[in-house]
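Quick note on labels: first sequence line is chain A, next is B, and so on, each numbered from 1. Computed from heavy atoms alone, side chains included, the values below leave out hydrogens, waters and symmetry copies.
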There are 2 protein chains.
Amino acid sequence: MATIKDVAKHAGVSVASVSRYMNKNGYVKKETGEKIEQAIRDLNYVPNEVARSLFQKKSKLVGVLLPDITNPYFPLLAKGIEEELNRQGFMMLLANTSDSEENLQNYLTTFIQNNVSGVITTLPVSHVPKNIKMIGVDRAYEGDFIKILADDYQGGKLIGQEILQTTYRNVLIVTSNLLMPSVNLRYQGLVDVLDKHAITHTTLQSQSFNVDRTDETVASIFKNYSAYDTIVASNDYLALKIMQYAHEHGMNIPDDIQVVGYDGIPYAEMFYPSLATVKQPIYQIGQEAAKRMSKLLNNNKDELPKTTILPVTFQKGKSLRYF
Amino acid sequence: MATIKDVAKHAGVSVASVSRYMNKNGYVKKETGEKIEQAIRDLNYVPNEVARSLFQKKSKLVGVLLPDITNPYFPLLAKGIEEELNRQGFMMLLANTSDSEENLQNYLTTFIQNNVSGVITTLPVSHVPKNIKMIGVDRAYEGDFIKILADDYQGGKLIGQEILQTTYRNVLIVTSNLLMPSVNLRYQGLVDVLDKHAITHTTLQSQSFNVDRTDETVASIFKNYSAYDTIVASNDYLALKIMQYAHEHGMNIPDDIQVVGYDGIPYAEMFYPSLATVKQPIYQIGQEAAKRMSKLLNNNKDELPKTTILPVTFQKGKSLRYF
DNA sequence: TTGTACGCGTTATCAC
DNA sequence: GTGATAACGCGTACAA
């Protein structure tokens, strides 16, 4: 690997001139520039980001914290982040915490050790050094940083309004941790609509979003809540698992049980019957988060609001019994 | 952020001693060690990986090249890689090339600029500096480096043998680029079985694995190949899309059309009807690749064979018409 | 307009 | 056992 010194020697100038030329700051005579240009090509020189990062105390690296990459919601988010980051000249360091707080902390220090300039997180994090720019997404409701969120309360409402148009009898709401604001808002939106129309409902709070534990949740639903004919799942993956279980046990969807999901992952509409769900602008959230991050890092003072809320829509599906 | 100098000063020793203590090489008296330990805790010092990387000309970073993170095959692979890498003290830099050769090259230089010690690639790459350790996976058949692959030829054969047990009439093989060895091997395995039993078949070579273009492929299948009742899809995502299309157009699976996929993504068995497919040990491939990488990087001379081939299995499904 | 010299935080060499 | 000190590759005062 050629270094800046090699280039300088090859071009017969000093390293300072090469550096100035490359970063387009300071003066450099035209013909000197051309000599440098030539040398760079000859040696196909690429600046060493590590040295740069060491000196500048910041890098082109942006860390991304996800709870579970196996849940199809997150790859799509990651893609949105990655493509936009890439466009802006940054690189994504991806960390998958597997829903473990310990992993999260470890990754965070690894991020710091590697001099990331920013972190986009889907999870609540505490104790972030303030030279690191943070942007929160999805579940990262807490913390004093910019957030790009979907309209969770509205999402819950949409589900409620949709259920009103179906031949519901007993409504079971399967939710994850209600202490998480995003989860809670969806729940509130839904419950507000149901209560307003005096629809009784039962709530089952399952432990975790984690894909590996979904099977337990599903089994417990069918074992302990067999009287329910309408299931509101906390996410599409769970909803699809419920539908699979129902199929395997000879139940018909939506005739015996109707199901509605949340997220709008690509598989929702591919299923048979297609899954009714709330479509979150997943890719856009990622993209928007990355855009804001690059603004932050370029010190373009960001006049935009601290919290951006993107709209959600209801995606109709054959998993509901409309009358 | 506290530096090694701060620690040294705080402990009343020299930076050299702190470094020796941290890396557990060279001598350091017990009580000196304790003073250092204390200082580290007081300042909660974490060594700066960037400086370390600059000096050592290598880092704890491993780059991973994927063609398309939206295809559920890859997140699972990435998870296998990431969890194992993490266990070994490395960090994953994830790059999603979106099937573009230009992106691939850019990412590769970014990897180099950031001093990655190794690259795990799912794609054929050329011109890799030889101080970077490479491991190939999935489509990375070419290149002189260690490879962890699934038994593609066997996978093709399994499909052929399975079709023999069904009431097939006209077999359409939808394949992607046959110039890719993995694709070609699968194709050969399948065709060898079909030919041996004198089963006629037609081949449709579609342009790309890319998820975004799948819809075009599906439309073209139903438009131009409507006479076929047995479709062998090049991957599960395509297979599921075909099933979706069939459902939406009033066809029954497997009565009107039987479909078989390839990969064994988690959604295959969740679908209704469940998708018959060849199950690749996706997570294990990632895990194995990461293990080999960490061996390589720790200079444990790797006695293992250059190419490891992991077995595949057939996963039965209701998308086939068994007689 | 250009070059010299220093510092970023770490490790390794060598002298004490 | 320990402590100076020279690298690693880059950017930038400051001097020329």
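Under 3.5 Å, the side chains of B:Ser98 and B:Asn103 contain no donor-acceptor pair of N or O atoms.
When each of B:Phe55 and B:Gly33 is assigned the nucleotide of DNA chain D with its nearest heavy atom, B:Gly33 is the one assigned upstream, toward the 5' end. If you find the closest nucleotide of DNA chain D to B:Lys30 and to A:Met22, the one lying nearer the 5' end belongs to B:Lys30. Between B:Asn23 and A:Tyr27, the one whose closest nucleotide on DNA chain C sits nearer the 5' end is A:Tyr27.
Here A:Ser14 does not reach the OP1 or OP2 of C:dT2: none of its side-chain N or O atoms lies under 4.0 Å away. The shortest distance between the side-chain N/O atoms of A:Lys57 and the OP1/OP2 oxygens of C:dG9 is below 4.0 Å.
If you check C:dT4, C:dG3, C:dT10 against the side chain of B:Ile4, the one that comes closest is C:dT10.
Between the side chain of A:Glu288 and the backbone N or O of A:Ile148, no donor-acceptor pair lies under 3.5 Å.
Following rounding to the nearest Å, A:Asn25 (CG) and C:dT2 (C1') show an atom-to-atom distance of 14 Å. One atom, NZ of B:Lys24, and another, P of C:dA12, lie 15 Å apart when rounded to the nearest Å. Atom CG in A:Asn114 sits roughly 13 Å away from atom P in C:dT10 (whole-Å rounding). If you measure from atom CZ of B:Arg52 to atom P of C:dC8, you get 19 Å, rounded to the nearest angstrom. Look at NZ on B:Lys58: it is 12 Å from P on C:dT11, rounded to the nearest Å.
In plain terms, the two heavy atoms of B:Val28 and B:Gly33 that are nearest each other are CG2-N, 4.0 Å. Closest approach of A:Lys133 and A:Met293 over heavy atoms only: O-CE, 3.5 Å. Taking all atoms of both residues into account, the shortest heavy-atom contact from B:Val125 to B:Met134 is CG2-CE, 3.1 Å.
Electrostatic pairing of A:Glu49 and A:Arg52 counts as a salt bridge here, judged by a charged N lying under 4.0 Å from a carboxylate O. With respect to the salt-bridge test (charged N to carboxylate O, under 4.0 angstrom), the residues B:Glu34 and B:Lys30 do not qualify.
Within residues 38-48 of chain B, no residue has a heavy atom under 4.0 Å from DNA chain D.
The nucleotide range of DNA chain D contacted by chain A, defined by atoms under 4.0 angstrom from heavy atoms of the protein and reported 5' to 3', is D:dG9 to D:dT12.
Using a 4.5 Å cut-off on side-chain heavy atoms (C-beta onward), A:Asp152 and A:Tyr141 make contact. Side-chain contact between A:Ser117 and A:Lys60: absent, with no pair of heavy atoms (C-beta onward) separated by less than 4.5 Å. Side-chain contact check for A:Thr3 versus A:Asn48: every heavy-atom pair is 4.5 Å or farther apart.
Nucleic acid contact for B:Ser53: none, since no nucleic acid atom lies under 4.0 Å from a heavy atom of the residue. Residue A:Ser19 is classed as a base contact, given a heavy-atom separation below 4.0 Å to a base. Among the protein residues, A:Val28 comes within range of the sugar-phosphate backbone only, with heavy atoms under 4.0 Å from sugar or phosphate atoms but none that close to a base. Residue contacts for B:Val13: at a heavy-atom cut-off of 4.0 Å it reaches the sugar-phosphate backbone alone, with no base atom in range.
Shown here is A:Lys35, whose NZ atom has more than 12 heavy atoms of other residues, nucleotides or ligands within 6.0 Å. Heavy atoms of other residues, nucleotides or ligands lying less than 6.0 angstrom from CG of A:Asp144 number 12 at most.
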Output a table of nitrogen or oxygen pairs between the protein and nucleotides 14-16 of chain C separated by less than 3.5 Å.
none

